[in-house]
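Side-chain atoms are counted along with the backbone in the values below, which use heavy atoms only and exclude waters and symmetry mates. Per chain, numbering begins at 1; letters A, B, ... match sequence-line order.
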2 protein chains.
Amino acid sequence: MEMDERKATILQAIIRNYLETGEPVGSRTISKYTDLNLSSATIRNEMADLEEMGYIIQPHTSAGRIPSDKGYRFYVDTMMEAKDREISEMKKVLMERQDKLEDMLKGVVKLLAKDTQYASLITAPSVSRNKLKFIQLSRIDDEHLLTVIVKEGNVIKNKVVDITEPVNEETLLKLNLMLNTQLSGMTMDEISLSMITGLKAQAGSHSGVISEVIDAVAEAISAEEDLKVYTSGANNILKYPELSDNSEKAGHLINTFEEREGLEELIIGGEDGDEAIKVYIGSENKVSGMEDCSVVTATYELEGGMKGTIGIVGPKRMDYDKVVGTLKSLRSGLDDLYKKDN
Amino acid sequence: MEMDERKATILQAIIRNYLETGEPVGSRTISKYTDLNLSSATIRNEMADLEEMGYIIQPHTSAGRIPSDKGYRFYVDTMMEAKDREISEMKKVLMERQDKLEDMLKGVVKLLAKDTQYASLITAPSVSRNKLKFIQLSRIDDEHLLTVIVKEGNVIKNKVVDITEPVNEETLLKLNLMLNTQLSGMTMDEISLSMITGLKAQAGSHSGVISEVIDAVAEAISAEEDLKVYTSGANNILKYPELSDNSEKAGHLINTFEEREGLEELIIGGEDGDEAIKVYIGSENKVSGMEDCSVVTATYELEGGMKGTIGIVGPKRMDYDKVVGTLKSLRSGLDDLYKKDN
DNA sequence: TGTTAGCACTCTTTTAAATCGAGTGCTAAC
DNA sequence: GTTAGCACTCGATTTAAAAGAGTGCTAACA
């Protein structure tokens, strides 16, 4: 059996209709819904074919059909219009100057959730590839030093270093100078272990304290940025019966959003691909508890190559068209926005 | 009509029972439940009295009674045992060294939610009364300075200051010295406007840039710590039919927890009172959408007078006894914990 | 006078049965 | 290849009946 144009049209009509209503759709509906001018009987025949081919499913005898994951996949891959939507409200709100990146991200994700009515998330742009601008060690008291690391884009990182014996001002100055000359301009990735050993040698570090400090600084530099995730609209999950009927699953989902744990999984695949926007239908995503959801992610990029991800999570009968459109324009708008702000 | 001991016992029995089952409780149940050895008929008479007095409510004719807000209040105020519960698991988990205050708080709130099965929140200890340890201004590039502010307890705050013209090293050194001599040891509250003006004068700030910098630093110092709130267990709301049946309200509640917005309201009253643990029943709390909930908050205090709040939000038929016990021991345990960690 | 047994009454919940209705598959005719 | 028609299926809705929980009231009892 082969997918011909008519079958595709019918499949599309079924999915479109199901997206709207959430109810299984029957042959009569399609007969009227499309402009193919076919009777319900004919549609029935085609639907039987489509079912055999695995694109649609019958929840029980004498119910209409609903799309299978395969059906959604076909729809997303081949039939979605890639129209660029208006995002007037979105733009307007985002244009208002927001001081901090954090606030901006929170604003964006909130807006996205409100606009799409799905649970949404956004990650802060990763800065691990950013170059190091400068490092500063300062003395807090006899037992503590403060390390401040400034990266490109003026992203700042602090760490308090415990020291076992006091360090005098002169040593500190020397250390500062050395660290800056050696490390500034490098990306986090480039700073390797051998480099650190080199630094220690250069510092003539027979004294344990200096070695200690260098280790701590190295650790501070290479420490995993914990991926900051902002979420909004988890409560939208309750709006879709197919997700909220099983209240245990729904609770689990909501919890995932509240705690922001495990959401990285959603995003990780998204970075390396060449496609900017990805759609995961049903069990295509590997996060436990999200088998009944679809996930759409988009990567965005700010100046300086900082990349982050925006995503939305909703029921499989998601308005893919709208979501993809929204993410598309949002994605391209974010960079402009950030430039304006900074 | 007056509340005598027997009525109180019966009221207590009603409430206890209702807390467990969530169902209206009838006279026969109480007759067996208490050791008063009274027949259901007698209990019925007493219940009629209690209803007249406003402590219990009959949802509809021929249903049992449920406690009114007034009933809960009476229960909480007079009848709750203040036993100190075991928190073995809690202590054990918390004892595991956790590096950051943030992680600790997240751990605590998660544990609390798990233990009580209610939605939980915790605020980071407020540091506005902490003394300033030192300030450091550094040059990032020609347009940006970095302000690092270290407070007691090694709490660090950063701010990037935009400057309109470059500042040379010498000026920076001078500024650093001045800021530190003048400001260190003071609390955030003590640093007033007049002080800032004084600083500017002292800096001989005819040059606009210096004045600019001082302003920015002052702003950075006095900027409201945004109250960090950590939450967990919002999904527990779904476990209580009286909260989750109205899915709109439930969604609103969950959203409040996810966004962590408006939760401050819950907490604000808690700080100034003398009572460490407070119970708000039903509409006693002023957060919109939480009329059907009860809220229990406890303030905790870390070394150095840093205060924060722990709270739980649940249905009115909350296990007040357990919750208060848990919060009590948690509250007293937090300081020890923090000391060990730091 | 306080307590209790008993009973009629009320109202919700549960259960069962009946009916409805959307949708199908198949057949036969166009 | 398309369509009308029809018998059939099976979940959903409606309806009715029964069950159950609990009350208020009255009258009897200690």
Between atom [atom1] in [X] and atom [atom2] in [N], what is the gap in whole Å?
| X | N | atom1 | atom2 | value |
| --- | --- | --- | --- | --- |
| Asn17(B) | dA21(D) | CG | P | 14 Å |
| Ile57(B) | dG22(D) | CD1 | P | 18 Å |
| Ile14(A) | dT24(C) | CD1 | P | 9 Å |
| Ile56(B) | dG22(D) | CD1 | P | 13 Å |
| Glu51(A) | dG25(C) | CD | C1' | 12 Å |
| Met47(A) | dG23(C) | CE | P | 9 Å |
| Glu23(A) | dG23(C) | CD | P | 9 Å |
| Leu36(B) | dG2(C) | CG | P | 17 Å |

Positions of residues 25-33 of chain A (non-hydrogen atom under 4.0 Å from DNA chain C), listed by number: Gly26(A), Ser27(A)
Does the pair [X]/[Y] count as a salt bridge with the N-to-O cut at 4.0 Å?
| X | Y | value |
| --- | --- | --- |
| Asp69(B) | Arg73(B) | no |
| Asp49(B) | Lys7(B) | yes |
| Lys110(A) | Glu261(B) | yes |
| Glu265(A) | Lys286(A) | no |

Lys316(B) and Asp292(B): CA distance, side-chain angles, deciding distance, salt bridge (charged side-chain N to carboxylate O under 4.0 Å, His left out) verdict: CA-CA 7 Å; Lys316(B) 289 202 276 196; Asp292(B) 300 328; 5.1 Å; no
From CG (Leu253(B)) to CD (Glu258(B)), nearest 0.5 Å: 13.0 Å
Neighbour count >12 (heavy atoms, 6.0 Å) for atom CD, Glu248(A): no
Flag if over 12 foreign heavy atoms under 6.0 Å of CZ, Arg260(A): yes
Candidate pair Tyr240(A) and Tyr118(A), rule ring pair (Phe, Tyr, Trp, His ring centres under 6.0 Å), full reasoning: CA-CA 9 Å; Tyr240(A) 305 96; Tyr118(A) 301 118; 5.5 Å; yes
Interface polar pairs with nucleotides 3-5 of chain C, N/O, under 3.5 angstrom:
from   : atom 1 : to       : atom 2 : distance (Å)
dT3(C) : OP1    : Arg6(B)  : NH1    : 2.8
dT3(C) : OP2    : Arg6(B)  : NH2    : 3.2
dT4(C) : OP2    : Ser39(B) : N      : 3.1
dT4(C) : OP2    : Thr42(B) : OG1    : 2.6

Nucleotide-level pairing of DNA chain C, given in dot-bracket where Watson-Crick and G-U pairs need both distances under 3.5 Å and | marks other strands: ||||||||||||||||||||||||||||||
Close aromatic pair by centroid cut-off 6.0 Å: Tyr55(B) and Tyr75(B): no
Phosphate OP1/OP2 of dT23(D): any Arg65(B) side-chain N/O under 4.0 Å: yes
Short side-chain N/O contact from Thr61(A) to OP1 or OP2 of dC10(D), under 4.0 Å: yes
Residues Leu327(A), Val296(A); criterion side chain to side chain contact (heavy atoms under 4.5 Å, CB included); working and verdict: CA-CA 9 Å; Leu327(A) 285 185; Val296(A) 184; 3.5 Å; yes
